[in-house]
Amino acid sequence: MPPIADDIDALVFDFDGTLADTTGIHEQALRAALHPYGLDVDASWYRQHVGLSITDLLAELPGGRDLPHHEIMRHSRTHLLAAMNTIAPVACVVDLVRAARAARLPCAVASNASHLLVQPGIDALGLRNEFAVVVAREDATRGKPAPDLFTTAASRLGVPPQRCLAIDDAPAGITAARAAGMRVLTVTSGGHLASADEARENTERPDGSEERHARPALDQKR
């Protein structure tokens with residue numbers, strides 16, 4: 001687990017694909033919701049668009065703009081809620097949540113999904129008491145890759161975005177967190193946490209900042 005820098009005062013977590021391994025059930029739910037309209041989702045296309053809200057997915061999907069979006073979202077959510085008790089935690093991310101809370105750092109969730117899905121998902125993982133703030137898609141005008149969800153979470157925590165560490169697995173989420181001014185960790189294909197820049201191309205941070213003095217994530221109390 002990467003250390004938490006001394007100048008980080010809060011952590012903001014994505015939910016789907018970050019706290020919980022939900023990519024598979026989200027893809028299945030979208031396929032099921034689209035089936036009555038004769039449309040399917042190519043697996044590679046879906047993975048390129050992981051992290052977008054279902055509204056934005058349908059806007060990007062060829063032939064999706066003219067579909068009844070509310071009906072498709074209702075069908076998809078029904079499918080997801082029925083499968084909620086099957087979701088598995090992403091172990092390295094949940095470990096980071098526990099470490100942050102042990103260090104008395106407040107944590108938030110900033111998700112492109114609806115509260116109707118995010119809160120039951122948090123409950124299914126047994127993390128209800130770990131998050132001071134839960135921000136979902138309806139809490140901001142724009143979803144990821146815009147920064148609004150992350151900046152809203154920081155505002156509700158009362159912590160400047162520059163002193164927040166964001167954790168997100170998807171390109172849209174990483175872009176959103178960077179635009180909000182946060183440093184970013186991502187989940188690697190091997191199931192570990194790493195700097196988003198290191199994970200992608202092992203380059204230095206885009207803002208040119210130097211590595212900060214860090215405290216061990218599991219030991220330090222605040």
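Counting from 1, the numbers follow the sequence of the chain as shown.
Listed for the T78 side chain is a donor-acceptor partner under 3.5 Å among the backbone atoms of R74. For the pair E130 (side chain) and R98 (backbone), a donor-acceptor distance under 3.5 Å is absent. In this structure, the side chain of T175 engages the main chain of P171 through a donor-acceptor pair within 3.5 Å.
With rounding to the nearest 0.5 angstrom, the CD atom of Q119 is 10.5 Å from the CE atom of M84. For the atom pair L11 CG and C164 SG, the distance stands at 8.0 Å (nearest 0.5 Å). Distance CG/L165 to CG/L96: 7.0 Å, rounded to 0.5 Å. With rounding to the nearest 0.5 angstrom, the CD1 atom of I54 is 6.5 Å from the CE atom of M73. Going from atom CD of E60 over to atom OG1 of T55 covers 12.0 Å, rounded to the nearest 0.5 Å. We find the CE-CD distance between M182 and Q162 to be 8.5 Å, quoted to the nearest 0.5 Å.
The shortest non-hydrogen separation linking A110 to V12 is CB-CG1, 3.7 Å. Nearest heavy-atom pair, L149 versus A136, reported as atom, atom and distance to 0.1 Å: CD2-O, 3.3 Å. Taking every heavy atom of both residues into account, A194 and T188 meet most closely at CB-CG2, 3.8 Å. Between A140 and R137, the shortest heavy-atom contact is O-NH1, 2.8 Å. The minimum heavy-atom distance between G191 and C92, with the atom names listed, is O-SG, 3.4 Å. H79 approaches A32 most closely through the heavy-atom pair ND1-CB, 4.1 Å.
Residues L34 and L58 form a side-chain contact, since some pair of their non-hydrogen atoms from C-beta on lies under 4.5 Å apart. You'll find the side chain of V90 reaches within 4.5 Å of the side chain of V187, heavy atoms only. N112 is not listed as a side-chain neighbour of F15, based on a closest heavy-atom distance of 4.5 Å or more. No side-chain heavy atom of D42 sits under 4.5 Å from any side-chain heavy atom of Y46. Between P120 and L81, some side-chain heavy-atom pair lies under the 4.5 Å cut-off. By the 4.5 Å heavy-atom criterion applied to side chains, I87 and I25 are counted as neighbours. Residues F131 and R101 form no side-chain contact, since every pair of their non-hydrogen atoms from C-beta on lies 4.5 Å or further apart.
For R183 and D7, the salt-bridge test passes: some basic side-chain N is under 4.0 Å from an acidic carboxylate O. Using a 4.0 Å cut-off between charged nitrogen and carboxylate oxygen, K144 and D168 count as a salt-bridge pair. The residues R178 and D197 are annotated as salt-bridged, a charged nitrogen and a carboxylate oxygen being separated by less than 4.0 angstrom.
If you chain together hydrophobic residues whose side chains sit under 4.5 Å apart, L117 and V93 fall into the same group. Cluster annotation: V184 is not connected to V159 through the hydrophobic network of ILVMFWY side chains, with a link wherever side-chain heavy atoms come within less than 4.5 Å. Linking ILVMFWY residues whenever their side-chain heavy atoms come closer than 4.5 Å, directly or via other members, places F150 and V133 in the same cluster. Tracing side-chain contacts under 4.5 Å through hydrophobic residues (I, L, V, M, F, W, Y), one reaches L105 starting from V97; they form part of the same cluster. F13 and V118 fall within a single hydrophobic cluster, where Ile, Leu, Val, Met, Phe, Trp and Tyr side chains are chained together by heavy-atom contacts under 4.5 Å.
Side chains of T18 and D169: a donor-acceptor N/O pair is present below 3.5 angstrom, by distance only. Side-chain contact of D56 with H49: a donor-acceptor pair under 3.5 Å is absent, judged by distance alone.
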Inset, instruction - Determine, stepwise, if the pair T22 / D16 fulfils side chain to side chain donor-acceptor pair (under 3.5 Å). - result: CA-CA 6 Å; T22 57; D16 290 301; 2.7 Å; yes

Inset, instruction - Show your working on side-chain contact (heavy atoms from CB on, under 4.5 Å) between L125 and L19 and close with a plain yes or no. - result: CA-CA 9 Å; L125 297 180; L19 283 163; 4.3 Å; yes

Inset, instruction - Run the numbers on D14 and I167 for side-chain contact (heavy atoms from CB on, under 4.5 Å), then give the verdict. - result: CA-CA 6 Å; D14 175 49; I167 301 88; over 6 Å; no

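Crowding of H35 atom NE2: a count of heavy atoms from other residues, nucleotides or ligands under 6.0 Å not exceeding 12.
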